[in-house]
Amino acid sequence: STNFNTVYVLLFLIFLILYQLSLYLCTKFKIKKIIMAYKILDNCVACGTCIDECPVGAISEGDIYVIDADSCVGCGSCAGACPNDAIVED
């Protein structure tokens, strides 16, 4: 179990490093971000389930929640967790 947790953490850190590197390269060479962001529809009931699932904190609270497209890494964790199917690819 401990080895599995270590591997999981290492894979997550590698993902974050590669993501940050891609953002840097896109900025340096003025390449538009190609990751498909998600958006939250009007049928959101603001239950908060998606906030806990987002690995990068791209979701903010409000009457309905909002996903920051620039921060979203397109992983889809929020969409999979939403009990109302209120999160879709933008």
Side-chain angles (χ1 to χ4, degrees):
S1 178
T2 303
N3 287 338
F4 178 75
N5 289 339
T6 302
V7 169
Y8 178 75
V9 168
L10 287 174
L11 287 174
F12 184 71
L13 289 174
I14 290 169
F15 168 77
L16 287 178
I17 290 167
L18 290 174
Y19 175 70
Q20 291 298 325
L21 178 63
S22 72
L23 289 179
Y24 168 76
L25 291 173
C26 287
T27 303
K28 181 175 177 145
F29 296 106
K30 297 184 176 154
I31 300 170
K32 188 174 180 182
K33 186 176 168 185
I34 58 173
I35 294 173
M36 180 71 69
Y38 282 74
K39 67 178 177 179
I40 300 178
L41 304 175
D42 290 337
N43 59 327
C44 171
V45 294
C47 66
T49 303
C50 57
I51 287 183
D52 297 332
E53 293 297 319
C54 182
V56 294
I59 303 172
S60 57
E61 296 182 48
D63 292 336
I64 65 167
Y65 287 23
V66 177
I67 298 175
D68 177 15
D70 291 331
S71 300
C72 178
V73 295
C75 67
S77 295
C78 56
C82 181
N84 229 28
D85 294 325
I87 303 176
V88 296
E89 285 183 309
D90 193 11

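Note that these values count all heavy atoms, side chains included, but never hydrogens, waters or copies made by symmetry.
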Pairwise distance CG(Leu18) to CG(Leu13) - rounded to 0.5 angstrom = 11.0 Å
Report yes if some heavy atom in the side chain of Tyr65 is under 4.5 Å from a heavy atom in the side chain of Cys50; otherwise report no.
-> yes
How would you list, by chain and number, every residue that makes a side chain to side chain contact (heavy atoms under 4.5 Å, CB included) with Phe12, sequence neighbours excluded?
-> Leu16, Pro55
Do Lys39 and Ile87 come within less than 4.5 Å of each other through their side chains, counting heavy atoms only?
-> no
Hey, could you give me the SG/CD1 distance between Cys78 and Ile51, rounded to the nearest 0.5 Å?
-> 11.0 Å
Considering all heavy atoms, the nearest Ser71-Val56 contact | O-CG2, 3.4 Å
Taking every heavy atom of Tyr19 against every heavy atom of Cys72, the minimum-distance pair comes out as OH-O, 4.0 Å
Of all heavy-atom pairs between Ile59 and Cys54, which one has the smallest distance, and what is that distance?
-> CD1-CB, 3.9 Å
Can Val66 and Ile40 be said to form a side chain to side chain contact (heavy atoms under 4.5 Å, CB included), step by step?
-> CA-CA 6 Å; Val66 177; Ile40 300 178; 5.8 Å; no
Looking at CG of Leu25 and CG of Leu21, how far apart are the two atoms once the value is rounded to the nearest 0.5 Å?
-> 4.5 Å
Of the options Asp90, Val88, Val73, Ile67, which is the one that meets Tyr38 in a side chain to side chain contact (heavy atoms under 4.5 Å, CB included)?
-> Ile67
Applying side chain to side chain contact (heavy atoms under 4.5 Å, CB included), name anything that partners Thr49, two or more places apart in sequence or on another chain.
-> Cys47, Ala81, Pro83
Does any N or O in the side chain of Asn84 come within less than 3.5 Å of the main-chain N or O of Ala86, such that one atom is a donor and the other an acceptor?
-> no
